[in-house]
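The structure appears right after this line, and notes come after that.
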There are 2 protein chains.
Amino acid sequence: MSKTLTEHNNDSSSMRRRQPSGTTLIDVAKVAGVSPITVSRALNRPDQVSEKTREKVRRAVEQVGYIPNMLAGGLASRQSKLVAIFVPTIAHPIFAEMVQAVMDELSRAGYQAILGLTGYQKETEETLFNAILGRRPDGIVLTGTQHSKLMRKRLIASGIPVVEAWDLCDDPIDMLVGFSHEQVGLEVARHLYAKGYRRFAVVTAEDARGMRRYHALLDELRHLGIDDVPTAFVPPPSSLNAGREKVCELLDAGHRPEVVVCSSDTVAHGVLAEAASRGWTVPKDLAVMGFGELSNASRVYPSLSSVRLNGDKVGGLIAQALLERFKNPDAEVAPLRIDTGFTIIDREST
Amino acid sequence: MSKTLTEHNNDSSSMRRRQPSGTTLIDVAKVAGVSPITVSRALNRPDQVSEKTREKVRRAVEQVGYIPNMLAGGLASRQSKLVAIFVPTIAHPIFAEMVQAVMDELSRAGYQAILGLTGYQKETEETLFNAILGRRPDGIVLTGTQHSKLMRKRLIASGIPVVEAWDLCDDPIDMLVGFSHEQVGLEVARHLYAKGYRRFAVVTAEDARGMRRYHALLDELRHLGIDDVPTAFVPPPSSLNAGREKVCELLDAGHRPEVVVCSSDTVAHGVLAEAASRGWTVPKDLAVMGFGELSNASRVYPSLSSVRLNGDKVGGLIAQALLERFKNPDAEVAPLRIDTGFTIIDREST
DNA sequence: CATACAAATGATTGCGCAATCATAAACATG
DNA sequence: CATGTTTATGATTGCGCAATCATTTGTATG
C-alpha cells in the first residue's frame with residue numbers, strides 16, 4: 001500500500017500523459033544556458049538583458065525553432081495583442097479596405113486582428129460576440145450601429161478600448177472615427193446647386209443616419225431658396241428594385257426633378273435603371289447622386305456620382321487611435337472623436 | 001524580523017496585486033453552488049451533466065455575465081479553436097469571398113479565423129507567420145504557393161492541419177483544395193472552338209500554373225486540328241501594359257488571330273486596350289479570353305469573357321475539410337484533394 | 001576599500017481553464 | 001441486498017508564460 005502511494009507521488013508523469021506540444025521557453029533556456037525568465041525578457045524586454053545574453057538567447061531560439069505561445073503569454077500578461085473588428089461583411093470593398101488598413105497598421109505594432117462578421121441572423125450575433133470577447137481582445141472596432149443594448153453594456157463594463165467607425169453618433173461607447181452625416185447632406189446640396197441643378201428630389205432609406213443626411217440636405221437647399229423637394233422613402237432593406245419603384249412613384253406623381261439624390265449607391269442604381277428604361281439620357285434628362293461608393297459606382301454605365309468614404313483612411317485612423325490608447329491607457333479623459341470626412345465624386349450621372 | 005517574514009507569508013495578496021480581470025469559472029461555480037469543473041463541463045460537455053445542474057449553471061452564467069476566457073481554455077486544452085487564413089489581400093473580391101465563406105462555415109462549428117495578409121514585403125512574411133503561429137491555430141489555410149521553404153518545413157513539423165487553396169500542386173503539405181489548371185486549358189480550347197474560332201493566339205505569363213494551362217490548351221487544340229498557335233510570354237509581374245505590349249508584338253509579327261487567350265484578366269485587359277487603340281471591334285475583329293475573374297471582368301467595356309473560380313465554393317470546401325479533420329484527426333491516411341472546378345463565363349469579348 | 005546604487009539575472013507564483021484521476025450517487029441484476 | 005455498472009460530480013494538477021519579488025553581479029563614490 002505504501003508502495004502504491006509512493007508510485008503516485010513520484011511518478012506523476014504517468015498520470016499526465018498529455019501530448020507534448022512544441023518547444024517552450026524552457027527548452028530555449030536550457031540551450032541558451034540561462035533561466036527561462038531571462039529568455040522571456042530577452043524576447044519581450046530586450047533592454048533589460050545584456051547584449052551577450054540576448055545574443056545567446058537569439059541563437060537558441062533559432063536553433064530550437066521556438067515560437068512563443070501567445071495563449072500562455074496572453075493569459076499570464078493579460079494582453080492578447082488581439083484586436084477584434086466587427087464588420088457586416090468583408091465581401092464589400094469599403095469594409096475590406098478598412099479592415100486591410102487596420103490590420104496593416106496594427107501588425108506593425110505586433111498586434112493581430114480577429115474578424116467578427118455580423119451580417120447574419122440576429123441569433124448568431126450574440127454568440128459571435130461572446131466567442132470573440134472570449135479571446136480577450138485588447139481593443140474592439142465596431143462598424144455602424146448594429147450593437148445591441150446588451151453588447152453595449154458589456155463593452156462598457158469590460159473596459160476594453162472600443163472604436164466605433166463610420167459614424168459620429170452622440171453617445172459613443174468610447175472612441176469614435178467617422179464622418180458627419182449632416183455635413184454630407186449639406187455638401188451634396190451645395191455641390192449640386194453649384195452645378196446648376198434647381199429641381200431636386202430624394203429617394204432615401206429611413207434609417208437614422210440616412211435621415212440625418214436627408215434633413216441636412218433639405219436645410220441647406222432651403223437656405224439656397226429651394227423649398228420643395230419631393231421625397232420617396234425606401235423601406236428596408238434598400239435594394240436596386242426598391243429604389244427603382246420609389247423613383248417611379250415620384251415621377252408618376254408628376255414630379256419632374258432635374259436631379260435625384262439617393263441614400264445609397266444601391267438605390268441610385270435603381271434610379272439609373274428606371275431612367276434607362278424610360279429612354280432618358282443621364283444626366284441631361286435626369287441626374288443621379290449616390291452615396292457610399294459602396295457598389296462599383298465608377299464601373300456602371302453611366303458611371304455614378306457618389307460620396308466616397310475613404311476606407312483606408314478610416315482604417316488607419318482606427319488603428320492609430322487604438323495603438324495610442326494601448327500605449328497610454330490613462331488618456332480616457334479626452335474622448336477621441338475623429339472626423340474622417342468624405343469626398344464627393346463627380347462622375348457621369350450628374 | 002520574524003514579523004517581516006510572517007507578513008510576507010500570510011499576506012500573499014499584497015505581493016500580487018494584478019488587476020482583477022472579468023468573472024471566471026469560479027465565480028459562476030459559487031453562484032451556481034457547484035464546483036468549477038462542473039461549470040466547465042456544463043458549458044463544454046453538456047451531455048455529461050444532469051439537466052438540473054446544467055440549468056443552474058446556465059442561470060449563474062447569465063447572472064454574472066460570464067464569458068469563458070479562451071486563452072486559458074486554449075492553453076489548458078491545447079485547442080485554440082482558431083484557424084489561420086493566409087491570403088495576399090482581402091481587398092480583392094475573390095479572396096474576400098473565400099475568406100468570408102471559410103469564416104462563415106467555421107463559425108458554425110465554434111471556430112474563429114485569424115487573417116494573415118501576406119501581400120507585403122518579404123521581410124514581414126516570416127514575422128507575420130510567427131506571430132500567427134504563436135496563436136497556436138488548430139488549422140491553417142494557405143493561398144497560392146507563396147510559402148517559403150522554412151514555412152513549409154515548420155508547417156509540416158508542427159503537425160497542424162494545412163489546406164492549400166487555389167491550386168492542385170503535386171507535393172502538397174497536407175490537404176489541397178483547388179482546381180486543375182490542365183482542365184482549364186482543355187475546356188477553354190473546346191469552348192472557343194465550339195464558338196467557331198479557329199485562329200488562336202496566346203499571351204501568357206510563364207509561371208508554373210499558367211504554363212500548365214497553356215500546354216493543356218495547346219494539346220487540346222492539336223486534337224482539334226489546330227497546330228499553329230502563336231504565343232507571347234509576359235514577364236512577371238503581369239500587368240495591363242505588359243499584356244498590351246506582348247499582343248502588339250504578336251500582331252506586328254503578322255499574326256492575325258481571331259481570338260487571344262490570356263493567362264489572366266489583367267493581361268486580357270491589356271489586349272482589350274490594344275484592340276481599342278487600333279480601332280478594332282471586339283469580338284468581331286479580335287476576341288479576348290481572360291482568366292481568374294480577378295478584376296472586375298464583367299464591368300469593363302466590352303465585358304471580358306473569363307474563367308471564374310468560385311470563391312464561395314472554395315472557401316466552403318476548405319472549411320469543411322478542416323472541420324472534418326478536426327473531428328477525425330487520424331484520417332491522414334488518405335490525403336485530401338478536392339477539385340473545386342471552374343466556370344467559363346462568356347461575355348462580350350468572345 | 002567600505003558603502004551605496006544600479007544593472008542583470010534568478011526563483012516563485014498564479015493567470016483561468018480542462019485533462020486526469022478519484023469518488024459519490026443512482027440504478028440494475030440475480 | 002450484495003454486487004456490479006453506469007452517471008454525475010469533485011479534487012488536483014499543469015498548460016506556458018510573465019508579474020512579482022529576491023538575489024547576485026557590476027560600477028561609482030567618498
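Excluded from the calculations below are hydrogen atoms, water molecules and symmetry mates; all remaining heavy atoms, backbone and side chain alike, are included. For clarity, every value in this text was computed on a predicted model and none was experimentally measured. Within every chain, numbering begins at 1; the chains are lettered A, B, ... in the order of the sequence lines, protein sequences first and strands thereafter.
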Nearest heavy-atom neighbours spanning A/Pro161 and A/Arg325: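 Smallest interatomic distance, heavy atoms only, reads CG-CG, 3.7 Å.
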
A/Asp138 versus A/Arg78, closest heavy-atom pair with distance: OD1-O, 4.4 Å

Sugar-phosphate, base or nothing in reach of A/Leu25, heavy atoms under 4.0 Å: sugar-phosphate

A/Glu62 vs A/Arg58, side-chain contact (heavy atoms from CB on, under 4.5 Å): CA-CA, chis, key distance, verdict: CA-CA 6 Å; A/Glu62 186 118 346; A/Arg58 212 195 49 68; 3.8 Å; yes

Would you say [X] places a side-chain N or O within less than 4.0 Å of OP1 or OP2 belonging to [N]?
| X | N | result |
| --- | --- | --- |
| A/Arg41 | C/dG10 | no |
| A/Ser35 | C/dT9 | no |
| B/Ser77 | C/dA19 | no |
| A/Thr24 | D/dG16 | no |

Can you measure [X] atom [atom1] to [N] atom [atom2] for me and round it to whole angstrom units?
| X | N | atom1 | atom2 | result |
| --- | --- | --- | --- | --- |
| B/Arg135 | D/dC17 | CZ | P | 14 Å |
| A/Ile26 | D/dC17 | CD1 | P | 8 Å |
| A/Asn69 | D/dG16 | CG | P | 7 Å |
| B/Leu71 | D/dA18 | CG | P | 13 Å |
| A/Arg78 | D/dG16 | CZ | C1' | 16 Å |
| A/Ile37 | C/dA7 | CD1 | P | 19 Å |

With B/Arg59 via salt bridge (Lys or Arg N to Asp or Glu O under 4.0 Å) - residues at least two apart: B/Glu55

A/Gln79 or A/Ala72, whichever maps to the more 5' nucleotide of DNA chain D: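 Final value for this comparison: A/Ala72.
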
Ring geometry between B/Phe95 and B/Trp166 (parallel below 30°, tilted from 30 to 60°, perpendicular above 60°):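 Aromatic pair B/Trp166/B/Phe95 classed perpendicular.
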
Listed partners of A/Thr53 passing side chain to side chain donor-acceptor pair (under 3.5 Å), at least two apart: A/Ser50

Heavy-atom side-chain contact between A/Phe326 and A/Lys81 under 4.5 Å: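 Result no, sub-4.5 Å side-chain heavy-atom pair not found.
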
Partner of A/Phe86 by side chain to side chain contact (heavy atoms under 4.5 Å, CB included), out of A/Ile132, A/Val141, A/Leu115: A/Ile132

Estimated bend of the helix from C/dC1-D/dG30 to C/dG30-D/dC1 (axis per five terminal pairs, rounded to 10 degrees): 30°

Modelled atom types, side-chain donor and acceptor of B/Ser107 and B/Gln112, under 3.5 Å: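 No donor-acceptor contact under 3.5 Å links the two side chains.
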
Under 3.5 Å side-chain donor-acceptor pair for A/Arg154 and A/Asn130: yes

Donor-acceptor contact present, side-chain A/Arg54 to main-chain A/Ala42, <3.5 Å: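 No, A/Arg54 side chain to A/Ala42 backbone: no donor-acceptor pair under 3.5 Å.
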
Partner set under ring pair (Phe, Tyr, Trp, His ring centres under 6.0 Å) for A/Tyr66, not counting sequence neighbours: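 None.
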
DNA chain C-proximal residues of residues 43-54 of chain B, any heavy atom under 4.0 Å: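 Those residues whose heavy atoms fall under 4.0 Å from DNA chain C, taken from residues 43-54 of chain B in numerical order, are B/Asn44, B/Arg45.
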
Residues from residues 60-68 of chain B lying under 4.0 Å of DNA chain D - heavy atoms: none

